[in-house]
Structure formats: C-alpha cells, structure tokens
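The sequence lines fix the lettering, A, B, ..., with proteins before strands; numbering per chain opens at 1. Since the model is a prediction, treat every value here as computed from it, not as a measurement.
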Amino acid sequence: MSEALPRKPKLEGLEQKWAERWEADGTYRFDRASSREEIYSIDTPPPTVSGSLHVGHVFSYTHTDLIARFQRMRGREVFYPMGWDDNGLPTERRVQNYFNVRCDPHAQYEPDLEVEPGGDGPPRMVSRPNFVELCLKLTGEDEQAFEDLWRRAGLSVDWSMTYTTIGEPAQRVAQLSFLDELGKGLIVHQAAPTLWDVGFRTAVAQAELEDREIGGAFHRLRFPNPGGDDVEIETTRPELLAACVAMVAHPDDDRYRPLFGQTVRSPVFGAPVPVHGHPLADPEKGTGIAMVCTFGDINDVTWWRELGLPVRPIVAPDGTIAPAEWGSEPFTADDPERAQRAYDQIAGQRIEGARKKMVELLREDGTLVGEPSPIKHAVKFFEKGDRPIEIVTSRQWFVRTMDYRDEFIARGREIDWHPPYMRARFDDWVRGLTGNWCISRQRFFGVPFPVWYPLGADGETDFESPILAGRESLPVDPSTDVPPGYEAGQRDQPGGFTADMDVMDTWATSSLSPQIAGGHPDDPDLFARVFPMDLRPQAHDIIRTWLFSTVVRSHFDHDTAPWRNAAISGWILDPDRKKMSKSKGNVVTPMGLLEQYGSDAVRYWAANGRPGADTAFDEGQMRIGRKLAVKLLNASRFVLGMPATAGGAVTEPVDLSLLARLETVVAAATAQLENYEYTAALERVETFFWFFCDNYLELVKDRRYGSRGDGPAVSADATLRVGLSACQRMFAPFLPFVAEEVWSWWQEGSVHRAAWPTPEEIREAAGPRPGDADMLQLAAAVLREVRKAKSEANLPLRTSARSVEVAASEPHAALIAQVSDDLREAGVAEELRVVPG
RNA sequence: GCGCGGUUAGCUCAGUUGGCUAGAGCACCUGCCUUACAAGCAGGGGGUCGCUGGUUCGAGUCCAGCACCGCGCACCA
C-alpha cells in the first residue's frame, strides 16, 4: 500500500528514511543475471581515502549518480560499485602524521604493537607489516565515514560490491596484469635515470609532475679552455658542476662550432669536458652553450643518451650531495687532490647548501663571472612533494608506453567523450610523453611486485634472472613469501634469494579499476557482462594519470578500449572563480551542506554543472534546489489530496494541450540524458514543472473542484495525475529523496525502479485526439495580462473583474475560446469575451 | 611556443541546423495573507551579446583577425 498523504509535508528526515529503506529493500542491488545489453556498467572513480571528502567530490559523484539513476529507470541493470583508493602515498603520509611513525622496512614485525595517534618528538620507527596495519586501520575508519556521506548524498551505489585498491582481489589483478605484461615484453626492469622525489625518496612518473614558480638565479661560469678561448655558460644549478660531463651547442651555431671536438676544463674541479653539437641546444638561451650534468633535467638525459656520455652522479636518493672519489672513473680531473678538496666541501650537504658553497668556491676560483642574477622560474616538482624533482639513476620497473602511443590515441577515438573536446587533452598528453611509465615506488603501502632475485655465491643480486611468482599463488608479498624452489632460510643469504622490495605506483593499481570491480579474473562470467564498461566518469585533472593508464592496461591486457563513454567533470571554483582550495573546502564540509540544505538541494546545485565545465560553489543554487524540492512536495500533496477519479479520461482541449506539451518535454529530456546532458534535461523538466504549477494548475483548479460538473473535473484530475507522475519520475535522478517521498504517497514500489516516462505513454493518456500545445501558451498569456492589470491596480489577485476582453487573431481566438471557462474562473472575471483582432 | 575552452543583464548561466521584440534563475523594485505552498504567489525594471572587419535579405549564432580570462601540453642553460 502507498503511504498516507501527510498534512504538512516536510523535507527534514527524508534522507535517513529513504536511505534506510533503499538499503533494506536492495533497491540498487545489481542483478548479475542480466545480459550484457541490459547492463549499464560504471567504472566508478575510487576516491583517495586520505582524510575527508570535500564539496567537489559531492559535485562530481552526483553527476555519475544522475546518469546511473536515469539508466536504471530506462530499464538498464546498472552496475555501480564503489571503490576506495587506499593504497599509496597519500595514505602513508596521513599515517605518518596521524600516528607520528615512519616505516623501517628492515625492522622486525611486532605482532601486538599498539600505536596511539599523535605524540611529540621524533617519529617512532615501525616495521613494514606494522606500518601497513596502521594504514589499513586508518583507511578503514575513513572508508566508513566516506560511505556514510555517499549514502546521505543519495548515491545509488550497490554497496555489496565495494572494493579497495589494497584489497586482495585488487592485488591479485595488479600482480597478474604485471606478470602478463612482463611476459609479453611490455614491462621492463631497467637501471636508468629516473624522476626522483628526494622528500619521499622514491621514483615518480612524468604524469605526477607539476610546475611551480620558485626563485633561483642565473650563474655565469667560465670554463677554461687549454686549447683556445675560454667558454662561458649560464646555469641555475651550479651545485651540479661536479657532475658536468659535456657542453653542448647547436650544430649550426658559428660561435661554438670551432669548439666541437675540443675538451675544456670545468672550473674548480678541472675535469675534462668535451664540447658537442646537438640540435636540442638552443642558441637563444643563456650564452647559447649549456653544460650537461648527470642529471639536472630531462634535456640532460637526452644529451647523455644520444651523445653516449658517462654518468657522473652526485645527488644521493635523499637529496644530498653524495661522496665521490676524484681520480677514479668517472670522476677524472687534472688535479684530483684539488678536486677532492673542493668536492669534500659540498659532499653531504643538501642541494641548497651545496649551491651556496659552490658559489663561494667559484668566486674564490675566479671563474664566477659577475654576480648571480636572481630570477623566478618554473621548476618541476612531484605533485605531492615539496622539493624540486631530481633525476637519479636507479633500477625501476617501466611499462613500455613510448612504443604504443599511436595505438593509445586510436583507442581514445573509440571512446565517446563528454564533452568531446576533452579528448584533445588525452591526445596532447600521449603525444607529449617523454619516457616510459615508471610504475615502481620505493614505498611501503602498495601492491608489491611478485618478484624475487637470486643471490649469487658472492651475495650479489642477479637482476637479470628474476624469479616470478606463479599465477595461482597471487597475491604474494615477496618480503614474507618464499619464491618457488627456495626455503625461507635462504632469504638474503649468498646462493639464496632476495625480495623485490618496491611497491607499485597507485595508478598502476587503479589503472585496473574496471578489472578489479568487474571481478577479473576469478569471476569471468561477471567480467564478461560488465566489461568493457559503459561509462568512466572522472575529473579532467586526472586524464593524464587515471584515464590514460586505464587505456594502456586495457589495450595491453584485453585489446579493447576500457569504456564506451568518458564523462569528464569540471572543478568546483570559489565564488571568486579560483579553484576551491583545500582550506576552504574544509571549512564548508559536504555533510554540513547536506544537513543545511538537504541532499536533494545540494544535488540540484551539482546537476547545474555541465560535463567538463568548472562550476562556482554557489549556495544560492542550493536554496533554489531546496525550493524546488519543497514545491514538489506541496504540488504533489495538492494534486493527490483530492479523491482520485479512477480511470478518468482526458477530454478537455486545454488538458490535452498540457499533455501535448508534456510529450515534447519527455522526449527532449530523455534525449538529453541519453547524451549525458543532464543539466539541460533538468532545466527542461524544471521549466515544465513550474509552468505546470503556476499556470496549468491554477487554470484548472476550480474545474477540478467541480465547478463545471463531474466530466470536466475528471479530465482535469486525470491530466494532473499524468503530469505529476511524469514530473516525479523525471525529477527522480536529480532529487531522489523527495521524488521517492511523493511517489510513495500514491504508487507502489520505488520511483527509482519505475519506468522512465515516454512520449508514447503520454500520448496514450491523451487518447485519440491529440492536443494543441499552443492553446495552453495562449491561455497562460491571457492569464498573465489579467494578473498584470490587477497587479498594476494594486488589487488582490482574487478581486473579481467585471469583464475581460481578449483580442486575438482568428486561429488564436478559436483556441482561447475553448479555454474561456477555465480562464474566467482562474482570472476571477465575471465575464470573458474573445474578440477577433 | 602548440593546443583546448570561455567572454551574453549587477551575479551564475541557457541560447539547437543563421530567422519574430535576445532568455532563465538569483539579486533589485512594486503589489498580494489567494482554501498546495508567505521558506509562498503575482507583476516590473535591467543587456552596444569582448573588439574590429567580412559573408548574408538577415549574425549572439558562420568566417578572419585581435584582446582578455581559464586550462592542458611543451620549454624553462
């Protein structure tokens, strides 16, 4: 039975009431028995569980939910899981701060370790298993808070399918994919110059870099040339002078061409430095000739590789200047002792200190030309780091993306992008890749590589013959599991084995979210029904990371694009049009907004952000959304408050006119939602609904009360109910709580499982004689004029006018005449005449 | 430097293949306790559609150039 009609309906309490009911009834439960054609599958972004969700999350996740709810009402079985991205650096950093601990991978596991939050003093060192336990503990708490928020916001997720990126299934998928790609030669293990964050002491990927403007200075250095003129270069990084292995100028640069093939000396150290020509050198920059250091930036790597230069590394993984021994390769110098004395003064220092010292040494040496001139320049940072990126040679796992860029771009063209122009960002990124995708991180809370290495009799690690875990044993943790063919006691012993201690980058796991969510590889039946997925919703700032990497893995592992559609949401901006900052986002908590305005109202605001468009945070829109929700309550109560005239036929021309208009609204809103234009659809429905309330409803009110007998009353009532039903259903994706409430007053079952209205359905209610959509427009115009006259006379609208005369053209007059009784009653006129004119 | 998006009312934004007097909401002003809703309803004022030129019977819409804002990519000796 439907519920009793409340006397004074309210929004308060609807969220809790219906969230509980939906959970109890399994309203959003995914029915896996459905066929692939019936299923609509969503590759939900697993939010990073490292603190709290902010308003922007509610914004973009609502967009996805709008689509999910629409598709569900269209009859699709919606596969809509939630995932939590709990592995990775953000969690580690949060755990470090929250518990004041650091991970020592060589420490012993303490089974009953209790760590309290907070605590002053130096961080406590804990073993990797203990550290992971703390990560799991904290993310577990966060995940519960996130779920509560999502339920409150009305996401129609099937919570029984929730996954985490550190969970066992995710680890299995990630390790399996790794082994597959390794087997196909798509993943390689290489010692190579790698982007390196000295703060976190880990390799990072190109996709995780960002530019930041910082202060620096140009230093002009003179390189003595025993065989000719000295050479001057400009550099912002004089502390790398000891790592200088060459100089390069453009091959066509006449100023430097005579030097090619000569060897100059580095100042202070007196190291021989050959001069080369290379087209990457820009005659316009600095003095037109550059020093090549191993390694100052990506250009250095290119020159080093293409010119076959030696590596003279001086930056240690922790960002200090490493010790070096001059007089032995590759640290050669004319006077090794002098070089060593100079070097010892910078060794052990951090970059910044070494730079200062180096300038002093250069000044004493007389090879600093003029004074350093301060500049502001953009420098690459790891996006989560706080010191500039260094390039450090280390052994890492790489996915060979460089050789397949054209194929990725082709995959991108198989996807429908919403909005379409977002594909250009994907193309730009793929074309601009400069190196393979480094997926190994020297961190702890992540998916380990399922790899060990044999140790030679001398204890040396044999990286060339990795021992791989068997597929059936996955997931494995090589730091605790023993490789096939070995005993536990052989760990780290000569002739034994050692574990690969790295973990995968978080994107290496989340790039497999469709596979993880879809149950691959353990549940091939489910996977076949949901993959490739219908929709990937996500924000535009992670096109280069999450979107790109998912395309890569799907292409390599399944030879397909991972989804048919990618819906890219914009950002939330402050009212002053700046990107909403973390601090502000924390002041305005999502839960606070949901409580203050109601979830439907916040969703209404979110729905006004079109795909791809950055949207201002606007509480005014939430107030409007709330107003709309209240209106839906009241209008529903009014229409349903009168006894139903069961099976009544729509007979009055003006009623048919309303249905004619409704039919076009349904058709348009449906088409727009099918095309992911939810904002336009909402506006369409909303406009109709206000027209329905302010004009149609007012027009037929008296007739519905029976002013002209039963037949006309029945026609009005039937029309009101058809219109209300359609509006309630079309609002359901946007305002799920209030829509469900008003639906429950007179219908069986959830509105969210009700059929989306169709033009055919409306036409059927109208019967054999279609209405004229213009008629109601004209009637509304007349009504407006009457109201205006009364308003300008400062009269109450219910004041009775003696006579109203409407002048209209012939065809219009005929239409208006058919509404004249309703108009007379609604306009409160004793007489209404329509005259041609 | 290459590319993408934007510029319409005080604010936030619609405006489809070129076509009636350029729209909505908010804000503002005026009026109305009207039996669904005063957290409501009705009415009103408000725009040189960024600039310049072009195509056209007709341009917010199409073309060219420019300016400014935002973003992506690259460069950053």
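When distances run from any side-chain atom of A:H377 to the nucleotides B:C76, B:C73, B:C41, the shortest one goes to B:C76. Set against B:C76, B:C73, B:G5, the side chain of A:Y421 has B:G5 as its closest nucleotide. Of the listed nucleotides (B:A36, B:C73, B:A14), B:A36 has the atom at the smallest distance from the side chain of A:R637. Checking B:G3, B:C41, B:A74 against every side-chain atom of A:Q206, the shortest atom distance belongs to B:A74. Between B:C73, B:C4, B:A77, one nucleotide has an atom nearer to the side chain of A:F218 than all others, and that is B:A77. Comparing B:A77, B:C73, B:C71 by their nearest atom to the side chain of A:R544 picks out B:C73. When each of B:U12, B:C76, B:C4 is scored by its nearest atom to the side-chain atoms of A:A616, the top-ranked nucleotide is B:U12. The listed nucleotides are B:A36, B:C4, B:C76; the one nearest the side chain of A:A378 is B:C76. Distances from the side chain of A:K631 to the nucleotides B:C73, B:C37, B:C75 place B:C37 closest. Distances were taken from every side-chain heavy atom of A:K8 (C-beta onward) to each of B:G72, B:A36, B:A38; the shortest belongs to B:A38.
Side-chain N/O atoms of A:Q621 include none lying less than 4.0 angstrom from OP1 or OP2 on B:A24. Note on A:Y597: every side-chain N or O is 4.0 Å or more away from OP1 and OP2 of B:A39. Under 4.0 angstrom from either OP1 or OP2 of B:C41 there lies no side-chain N or O belonging to A:R787. Within the 4.0 Å cut-off from OP1 or OP2 of B:G25, not a single side-chain nitrogen or oxygen of A:K627 is found. Applying the 4.0 Å criterion to OP1 and OP2 of B:A77, one finds that A:T235 has every side-chain N and O outside that range. Proximity of A:K790 to the phosphate of B:G43: no side-chain N or O atom is located under 4.0 Å from OP1 or OP2. In terms of phosphate contacts, A:R7 brings no side-chain nitrogen or oxygen within less than 4.0 Å of OP1 or OP2 of B:A36.
For B:G3, the paired nucleotide is B:C71, the pair qualifying as Watson-Crick or G-U wobble because both relevant distances are below 3.5 Å. Pairing partner, B:G58: none, since no Watson-Crick or wobble contact has both distances short of 3.5 Å. Using the Watson-Crick or G-U wobble rule with both distances under 3.5 Å, B:C41 pairs with B:G31. For B:A22, there is no paired nucleotide, since no Watson-Crick or G-U wobble pair has both relevant distances below 3.5 Å. Using N1 to N3 plus N6-O4 or O6-N4 for Watson-Crick, or N1-O2 and O6-N3 for G-U wobble, each under 3.5 Å, B:A77 pairs with nothing. Base pairing of B:A9 is not made with any nucleotide, judged by Watson-Crick or G-U wobble geometry with both donor-acceptor distances under 3.5 Å. Across all strands shown, B:U52 pairs with B:A64; the Watson-Crick or G-U wobble distances both stay below 3.5 Å.
Among the atoms of the strands shown, none is found under 4.0 Å from any heavy atom of A:A613. Within the 4.0 angstrom heavy-atom criterion, no nucleotide atom of any strand lies near A:R623. Backbone-only engagement by A:N299 is indicated by non-hydrogen atom pairs under 4.0 Å involving sugar-phosphate atoms exclusively. No contact: A:E619 has no heavy atom under 4.0 Å from any strand. Within 4.0 Å (heavy atoms only), A:D282 reaches at least one base atom of the nucleic acid. Residue contacts for A:W417: at a heavy-atom cut-off of 4.0 Å it reaches no nucleic acid atom on any strand shown. In this structure, A:R431 reaches neither bases nor backbone, as no heavy-atom distance under 4.0 Å exists between it and the strands shown.
A salt bridge is defined here as a Lys NZ or Arg NE, NH1 or NH2 lying under 4.0 Å from an Asp or Glu carboxylate O, and A:D702 with A:R708 fails to meet this definition. A salt bridge between A:R257 and A:D253 is absent, with no side-chain N of the basic residue lying under 4.0 Å from a carboxylate O of the acidic one. Salt bridge annotation for A:R787-A:E785: absent, with no cationic side-chain nitrogen under 4.0 angstrom from a carboxylate oxygen. Note on A:D211 versus A:K380: salt bridge recorded, some NZ/NE/NH1/NH2 to OD/OE distance being below 4.0 Å. Classification of A:E239 and A:R237 as a salt-bridged pair holds, one side-chain N sitting under 4.0 Å from a carboxylate O.
Rounded to whole Å, the distance from CD1 on A:I624 to C1' on B:C37 is 17 Å. One interatomic measurement links the two molecules: CZ of A:F688 to C1' of B:G25, which rounds to 19 Å at whole-angstrom precision. Whole-Å rounding puts the A:L628 CG to B:A24 C1' distance at 14 Å. In this structure, A:Y604 atom OH and B:C13 atom P are separated by 14 Å, rounded to whole Å. At whole-Å resolution of the value, CZ in A:R684 and C1' in B:G23 are 14 Å apart. One interatomic measurement links the two molecules: CD of A:E698 to C1' of B:G43, which rounds to 15 Å at whole-angstrom precision. Rounded to an integer number of Å, the gap from A:K788 NZ to B:A42 P is 15 Å. Distance CG (A:L433) to P (B:G72): 16 Å, rounded to an integer number of Å.
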Yes or no on ring-ring contact (aromatic ring centres under 6.0 Å, His included) for A:F59 and A:W571, after CA distance, side-chain angles and deciding distance? CA-CA 9 Å; A:F59 176 72; A:W571 268 326; over 10 Å; no
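To the nearest 0.5 Å, the span separating CZ on A:R222 from OG1 on A:T287 amounts to 13.5 Å.
Here, B:G44 and B:A27 have their C1' atoms 14 Å apart, quoted to the whole Å. The C1' atoms of B:U34 and B:A24 are separated by 26 Å, rounded to the nearest whole Å. Straight-line distance between the C1' atoms of B:C57 and B:C73: roughly 45 Å, to the nearest whole Å.
Under the 3.5 Å distance criterion, with hydrogens and angles disregarded, a donor-acceptor pair is assigned to the side chains of A:E825 and A:S707. A donor atom on one side chain and an acceptor atom on the other are found under 3.5 Å apart for A:T550 and A:R536.
No donor-acceptor contact under 3.5 Å links the side chain of A:D618 to the base of B:C13.
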